[in-house]
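Note on naming: letters A, B, ... go to the chains in the order of the sequence lines (proteins, then strands), and numbering restarts at 1 for each one. FYI, side chains are in, hydrogens and waters are out, and symmetry mates aren't considered; it's all heavy atoms of this structure.
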Amino acid sequence: MADPRNIPDGAPSDFPFDLPAASPRPGGIAARAAALARPDGAGHARGVYLDGLNPEQRAAVEATDGPVLVLAGAGTGKTRVLTTRIAHILSLGLAWPSQILAVTFTNKAAREMKERIGAMVGEEVEGMPWLGTFHSIGVRMLRRHSELVGLKSGFTILDTDDQIRLLKQLLQAEGIDEKRWPARLLANIIDGWKNRGLGPQQVPAGEGSAFANGRGGAFYAAYQARLKALNAVDFGDLLLESIRLLRENPDVLAEYHRRFRYILVDEYQDTNVAQYLWLRLLAAGSRNVCCVGDDDQSIYGWRGAEVDNILRFETDFPGATVVRLERNYRSTGHILGAAAHLIAHNAGRLGKTLFSEGESGEKVTVTGAWDSQEEARAIGEEIEQLQRQGHALTQIAILVRASFQMREFEERFVTLGLNYRVIGGPRFYERAEIRDALAYLRVIASPSDDLAFERIVNVPKRGLGDAALRQIHDHARAAQIPLIEAARELVASEELKPKVRLTLRDLVASFDRWRGQMTSLPQNELAEIVLDESGYTEMWQKDRSADAQGRLDNLKELVRSMEQFENLIGFLEHISLVMDVEGAAGGDAVNIMTLHSAKGLEFDTVFLPGWEEGVFPNQRALDEQGRAGLEEERRLAYVGLTRARRRAKVFFASNRRIHGMWQSAVPSRFLDELSEKDVEVTESRGGQGWGGGQSGRYGYGPSRFDEAQTFGSSYSTPGWQRAQNAARSNSGGGGFSGGSFSDNRPSRFAASEKARGGRVIEGELIAKSTGPASRFAIGDRVFHQKFGYGEVASVEGNKLTVQFDKAGEKKVVDSFVDAA
DNA sequence: GAGAGTCGGCTTTTT
DNA sequence: GCCGACTCTC
């Protein structure tokens with residue numbers, strides 16, 4: 001092959017793409033990369049970017065021909081390999097920047113990759129138009145060839161919220177009971193099919209009947225038809241329709257084959273079937289596909305990721321080079337040892353053993369606490385101590401399995417006055433006020449966006465309720481026009497009530513006016529005018545609820561963030577794909593986040609609370625996914641441990657409040673899967689030790705919690721507090737101590753019988769004997785205004801469980817019933 | 001159409 | 001125990 005770059009970008013006949021400025025301008029990325037390769041190039045020796053790579057990394061970078069799988073363990077320099085590989089390809093002149101397809105999962109990863117490549121070869125990275133997320137690249141393809149998949153250019157991208165509202169309408173139209181068959185469930189099922197690359201026609205018959213008595217498949221088809229009618233796609237379609245585009249149009253596929261000389265995929269273990277199919281189609285061209293990933297860090301199976309994709313790579317791409325990166329640059333020896341021992345309990349992995357050349361460092365600590373409050377207290381104290389020793393709070397993270405665990409820490413840190421930052425949670429663009437504001441803008445930008453129109457037609461309340469909306473809907477359906485056009489026609493007619501007619505006339509006129517200003521005003525000024533004139537801002541100003549001010553601030557932030565875009569359309573396109581907003585850096589603060597959102601991050605000190613059966617591994621994962629679920633939970637534990645550079649500190653509590661109920665818990669089996677030589681069992685600094693779990697035996701299974709001790713809601717009564725104080729003061733007797741190592745129970749974290757018995761019984765007795773005594777006793781006949789006559793089945797404080805003659809068993813507060 | 005009251009659900013999360 | 005969705009009433 002001659003110079004592979006002999007098809008210059010922008011050559012009109014060969015590449016019918018609207019190519020960005022990627023031709024070899026003097027300052028372009030390719031020119032800079034090429035300069036790197038020349039001995040005299042800007043002072044760089046040839047291949048200077050290769051310096052400092054270890055032999056495996058270098059092999060992964062230099063294996064440019066054919067399929068390559070890089071198995072990159074945690075902390076082994078995965079991103080560095082990816083970015084260096086791109087720099088290498090560019091500097092050898094193997095491809096232009098626009099001939100490299102580089103895919104990531106998140107916008108954040110794409111951004112980081114751009115920055116790092118930019119730092120390596122020069123600042124200009126716009127030269128890599130095909131570096132992005134699966135979805136953004138899918139959109140790019142679909143926008144170019146929209147007519148080939150039955151869309152008009154300028155189609156809208158619906159997010160989950162829109163998706164569910166659309167499905168709700170479909171279900172309602174068919175008279176489906178939404179209690180039994182929620183739209184959300186259908187959305188999940190459809191997403192599942194799309195994740196697997198299945199269109200409505202390809203859904204296996206049996207599965208299609210899973211929803212609403214055999215109508216799942218039909219609803220899927222109807223939903224897709226609705227999307228087409230709205231000229232819209234959902235996130236799943238971005239891939240599914242791209243696949244269809246490539247499959248049904250060999251000429252288009254051939255063009256992409258010629259274009260993409262090199263394909264790189266990040267986090268390959270997280271790809272789903274659809275992404276895999278898409279990738280295979282594209283990779284069939286050059287066959288130069290390089291996937292980087294770690295099967296041990298696959299934690300997104302529940303949303304369609306197929307670990308199998310990475311496990312099967314060598315079969316899928318015959319002749320693949322496999323490079324293992326096992327040299328860890330992040331964690332100390334003990335942390336790696338503990339993590340490696342844990343993950344070795346998983347079957348079905350490709351098998352890597354991380355090693356480090358650094359020191360072994362501190363052992364991983366395992367600490368038991370009496371309950372989740374004490375767990376938070378102990379962690380708070382350790383953090384304060386680290387802080388006193390001069391450690392930065394930003395280098396400390398608390399990684400939880402589920403977000404309900406966060407609150408305990410937040411409360412504790414507020415009392416301590418310790419700065420913290422919760423990462424994750426509801427994102428900026430998901431907030432109601434932001435979505436409302438965006439809906440206004442969407443209607444302005446594309447009048448046929450019915451979902452957006454519906455969202456704000458009566459927000460703020462302007463008297464256009466259900467009845468009015470139904471009229472508009474009916475007319476729109478009959479005339480086959482968008483809602484806002486239907487509204488316009490109705491206003492011109494005599495159909496509406498006078499008051500409704502006036503309001504609707506004003507609203508339609510407002511939209512016309514705003515649309516007229518779209519070209520003359522910058523989009524942020526327009527947004528401000530729209531929010532003002534529509535009464536939306538005023539609605540929140542009048543609102544006296546606590547978060548109203550926060551919402552107004554968010555709206556301001558939204559308007560401010562619009563400045564940096566070229567126009568309204570550009571802004572809307574951006575936010576439909578990039579639902580995150582640059583996180584405010586904030587000062588020195590402890591990071592609190594879920595294990596899932598911690599993937600890819602690292603901290604000096606990592607606290608891992610809540611290692612209890614049922615919480616972690618999560619009970620539902622076990623119930624629903626069985627062994628596969630357990631293994632994914634274990635990978636999650638592995639991810640958690642390997643986030644730590646110097647200190648990993650695991651905690652478990654014997655009692656935890658879940659859904660408002662106190663439940664005693666068994667220490668997680670994962671604790672016993674940590675290698676003993678790397679672990680140190682410490683006592684909680686709170687001092688009261690822990691009460692232990694049920695049996696200390698490994699009879700794990702779904703029934704484990706059936707006999708779990710549960711306490712009533714009287715936990716905060718003086719009696720309960722006395723019980724806790726009592727527990728605190730006699731920690732010597734029942735507390736956890738190294739002593740339980742010497743008994744020959746299967747688990748070294750199992751409770752001593754003594755500790756367990758004393759605590760639990762005490763708590764139970766006190767909990768039952770306190771609280772406001774009810775006027776009623778078991779067996780009493782009572783009367784309730786709503787439920788009628790019944791018999792008291794149980795009494796918990798002032799709460800009664802009553803077996804009503806007609807209404808069945810209900811829980812009621814005793815002030816609502818009278819003696820019969 | 002607003003406000004109060006009731007009921008059910010409740011892992012992880014990106015695009 | 002808390003939150004959101006829905007219903008009921010005025």
Side-chain angles (χ1 to χ4, degrees), chain A residues 103-110 132-139 157-161 163-164 168 178-179 182-185 188 191 194-195 233-240 267 270-272 274-275 298-305 399-407 423-427 429-430 432 458 460-468 545 574-580 593-599 610 614-625 629 632-633 635-636 639-640 657-662 711-716 785-787 799 807 810-813 816:
Chain A
V103 225
T104 64
F105 268 83
T106 63
N107 292 299
K108 191 172 158 225
T133 63
F134 278 100
H135 296 266
S136 67
I137 289 168
V139 177
I157 301 165
L158 303 188
D159 61 25
T160 320
D161 205 78
Q163 196 185 354
I164 286 171
K168 222 174 221 168
E178 272 190 75
K179 285 255 163 64
R184 174 163 283 289
L185 174 67
N188 283 336
D191 271 349
K194 290 188 174 177
N195 283 157
V233 294
D234 65 18
F235 285 126
D237 285 339
L238 296 179
L239 279 160
L240 204 56
E267 307 277 19
D270 287 338
T271 49
N272 60 33
Q275 285 154 342
S298 163
I299 55 174
Y300 285 108
W302 51 273
R303 66 174 196 214
L399 309 183
V400 298
R401 175 63 182 84
S403 37
F404 75 83
Q405 294 170 259
M406 291 180 178
R407 230 184 50 195
I423 298 181
R427 280 183 303 276
Y429 289 112
E430 276 168 17
N458 201 30
K461 296 264 187 279
R462 43 171 80 90
L464 299 171
D466 286 347
S545 62
H574 174 82
I575 58 115
S576 61
L577 281 175
V578 183
M579 291 295 272
D580 64 352
M593 69 189 92
T594 64
L595 287 159
H596 282 94
S597 38
K599 197 171 82 160
V615 174
F616 192 36
N618 176 275
Q619 190 60 41
R620 229 168 111 174
L622 301 184
D623 290 346
E624 288 170 13
Q625 304 290 322
E632 185 154 311
E633 294 289 300
R635 290 193 290 267
L636 208 41
V639 167
R657 201 170 54 191
I658 295 171
H659 308 323
M661 290 282 183
W662 280 98
F711 302 98
S713 56
S714 37
Y715 71 96
S716 61
Q785 283 291 337
K786 196 167 162 191
F787 303 131
K799 283 184 186 150
K810 303 271 176 202
K811 286 207 163 121
V812 293
V813 176
F816 281 87

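In this pair, A:Tyr300 and A:His596 present their aromatic rings tilted. The plane angle is within the 30 to 60° band.
Rounded to an integer number of Å, the gap from A:Lys108 NZ to B:dT15 P is 10 Å. Nucleotide B:dT12 holds its P atom 16 Å from the CD atom of A:Gln619, rounded to whole Å. One interatomic measurement links the two molecules: NE2 of A:His659 to P of B:dC10, which rounds to 8 Å at whole-angstrom precision. Counting to the nearest Å, the P atom of B:dT15 and the CD1 atom of A:Ile157 are 13 Å from each other. The nearest whole Å value for the distance from the CZ atom in A:Arg184 to the C1' atom in C:dC3 is 14 Å. In this structure, the CG atom of A:Leu577 is 21 Å from the P atom of B:dT13, given to the nearest Å. One can place CG of A:Asn195 at 17 Å from P of B:dT13, the figure rounded to the nearest angstrom. Rounded to whole Å, the distance from CG on A:Leu595 to P on B:dT12 is 11 Å.
For the salt bridge (charged side-chain N to carboxylate O under 4.0 Å, His left out) test, residues two or more places apart in sequence or in another chain that qualify with A:Arg407 are A:Glu411. Listed by chain and residue number, A:Lys78, A:Lys599 satisfy the salt bridge (charged side-chain N to carboxylate O under 4.0 Å, His left out) test with A:Glu267 (two or more places apart in sequence, or in another chain).
For the pair A:Ser136 and B:dT15, the criterion of a side-chain N or O lying under 4.0 Å from OP1 or OP2 is not met. Within the 4.0 Å cut-off from OP1 or OP2 of B:dT15, not a single side-chain nitrogen or oxygen of A:Ser576 is found. Phosphate proximity of B:dT12 to A:Asn618: absent, as no side-chain N or O sits under 4.0 Å from OP1 or OP2.
Closest to the side chain of A:Lys168, from the set B:dG1, B:dT12, C:dC6, is C:dC6. When the nucleotides B:dT13, B:dT15, B:dA2 are ranked by their closest atom to the side chain of A:His596, B:dT13 comes out on top. Here B:dT13 is the nucleotide among B:dT13, B:dT15, B:dG1 with the atom lying nearest to any side-chain atom of A:Tyr300. Among C:dG1, C:dC6, B:dT12, the nucleotide with an atom closest to any side-chain atom of A:Arg657 is C:dG1. In this structure, the nucleotide among B:dT15, B:dG1, C:dC2 sitting nearest to the side chain of A:Asn107 is B:dT15. Taking every side-chain heavy atom of A:Arg401 into account, B:dT12 is the closest of B:dT15, B:dT12, C:dC6.
The aromatic ring of A:Phe404 is not stacked on the base of B:dC10, since the criterion of ring centres less than 5.5 Å apart with planes inclined by under 30° is not met.
Among the heavy atoms of the strands, none lies under 4.0 Å from A:Arg462. Residue-level contact check: A:Gly138 touches neither bases nor backbone, having no heavy atom under 4.0 Å from any strand. Across all strands shown, A:Leu158 has no heavy atoms under 4.0 Å from either base or sugar-phosphate atoms. Among the atoms of the strands shown, base atoms are found under 4.0 Å from some heavy atom of A:Glu633. Using a 4.0 Å heavy-atom cutoff across all strands shown, A:Ser403 reaches sugar-phosphate atoms only and no base atom.
Taking CZ from A:Arg184 and CD1 from A:Ile164, the interatomic distance works out to 3.5 Å, rounded to the nearest 0.5 Å. Between the CD atom in A:Gln163 and the CZ atom in A:Phe235 there is a gap of 9.0 Å [rounded to 0.5 Å].
Counting heavy atoms from C-beta on, the side chains of A:Leu577 and A:Leu238 come closer than 4.5 Å.
Of the residues near DNA chain B, A:Gln625 and A:Gly463, the one whose nearest nucleotide (by heavy atom distance) lies more toward the 5' end is A:Gly463.
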